[in-house]
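Following: one structure in structure tokens, then a few remarks.
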Amino acid sequence: VDRLAAKIKKICPPQPLNIMEVCGSHTQSFFRFGLDKILPSNLRLIAGPGCPVCVSSAGYIDAAVSLARKKDVMVLTFGDMLRIPGNKTSLEQERARSGNVRVVYSALESLEAARANPDKKVVFLAVGFETTAPTVALSILAAKKLGLENLSFLTALKLIPPAMEYLAADKQLKVHGFLCPGHVSAIIGTRPYEPIVRKRKITCCVAGFEPVDILEGIYMILRRIVSNDPAVDNQYSRVVKRPGNIEARNFMRRVFAVSKAEWRGLGVIPASGQKIRKEFARFDAEKVFSVSADARGVSPQQKKCRCGDVLKGLIEPPECPLFAAACSPQKPIGPCMVSSEGACNAYFKYRNVGTV
Ligand code: SF4
């Protein structure tokens with residue numbers, strides 16, 4: 001770490017530089033290990049929209065809550081989703097009220113839940129990036145094979161490269177380099193970043209999650225900036241290969257079609273989501289229950305949340321007037337405070353702002 005920090009200091013140009021990571025695990029590692037304290041002061045690592053919980057829209061939570069209120073429905077979710085505020089309530093509050101919400105650790109658990117509860121309509125909340133989507137696709141294929149009639153999936157699956165392209169195009173932001181997510185890249189490989197390099201002339205470097213991985217990734221980006229030679233680099237080559245995981249991507253392609261998606265705080269980004277294909281419509285909870293997981297306006301309290309500006313790196317979490325006052329990990333107002341991978345939560349926890 002010391003050697004890499006010294007190399008970074010030596011090579012870093014004097015002008016302000018923004019490197020954006022697009023991965024919740026990077027955000028957490030960065031704050032947890034205090035890496036910002038050893039980087040040059042003109043070099044900012046921005047925690048971009050890399051936490052799936054943080055970018056789940058309030059409309060999606062509202063739709064999930066409306067399903068959990070139905071007597072014959074059982075909603076299955078990852079634990080992180082429980083505390084995300086919808087416009088009126090959260091799944092955690094709904095769980096206490098109706099008992100219809102259960103926490104699972106994998107999409108595949110939904111198959112067992114559907115088989116064990118034939119009197120219930122089981123709905124899995126399928127949220128995540130390219131890392132999670134293959135397991136959801138596999139679960140849908142398995143549900144079809146098993147002939148499960150009482151299982152469906154409420155999807156809010158998102159694709160990372162279109163969000164990066166959207167942010168790269170934002171002139172207000174000025175991203176000089178992307179530290180690309182290791183987990184997502186294990187699935188998609190490194191090719192999807194090449195158009196960003198070609199079009200935006202911004203280096204994309206895939207990096208692992210240890211402090212040395214992150215620092216080496218930053219060093220590799222700086223080297224490209226200094227030599228004015230943007231490219232796709234792969235610091236995490238022990239895991240990520242250029243073609244990615246072809247089998248996992250084939251599962252996704254069979255089950256999902258690319259669609260627009262709403263990213264909380266950022267808005268609707270074209271071709272950045274995955275919806276269940278028509279041939280699997282009987283497993284699509286939006287169709288089965290005639291609900292929409294799209295945005296339906298934002299409550300006045302949600303309007304005060306500045307997660308969008310945090311995710312874009314326009315402000316630091318403490319610059320939000322609600323930070324550590326009305327909004328804390330115990331009582332989150334915005335999704336960036338909910339998950340341990342959210343920038344506000346990580347800042348609160350590792351900067352000793354309060355007791356978690
Ligand atoms: Fe949103 Fe809370 Fe972060 Fe403010 S501190 S941006 S309200 S999550």
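On a predicted model such as this, the values are computed, not experimentally measured, just so you know. For ligands, and for the atoms within them, numbers begin at 1 and follow the listed sequence. When reading the values below, keep in mind they use all heavy atoms of this one structure, side chains included, and skip hydrogens, waters and symmetry mates.
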Answer yes or no for C320: is there an N/O/S atom below the 2.8 Å cut-off from atom 1 (Fe) of ligand 1?
no
Expected output: side-chain N117 to main-chain K120 donor-acceptor under 3.5 Å
no
Metal check, atom 3 (Fe) of ligand 1 vs C344 N/O/S, cut-off below 2.8 Å
yes
Residue pair R97, E94: steps toward the salt bridge (Lys or Arg N to Asp or Glu O under 4.0 Å) verdict
CA-CA 5 Å; R97 205 182 72 82; E94 210 44 45; 3.0 Å; yes
If you count the atoms of ligand 1 from 1 in the order shown, which ones are under 4.0 Å from a heavy atom of [X]?
X    : value
M337 : 8 (S)
C307 : 1 (Fe), 6 (S), 8 (S)
F323 : 5 (S)
R306 : 1 (Fe), 6 (S)

For atom 1 (Fe) of ligand 1, which protein heavy atom lies nearest, and how many Å away is it?
C305 SG, 2.5 Å
Tell me the protein heavy atom at minimum distance from atom 2 (Fe) of ligand 1, and give that distance in Å.
C327 SG, 2.3 Å
Proximity of H183 and F129 rings by center, below 6.0 Å:
no
Report yes or no: do E341 and S339 form a side-chain donor-acceptor pair below 3.5 Å?
no
Honestly, is R351 close enough over Y347, meaning NZ or CZ under 6.0 Å from the six-membered ring centre and within 45° of the axis?
yes
Show the nearest heavy-atom pair for residues F256 and A137, with the distance to one decimal.
CE1-CB, 3.7 Å
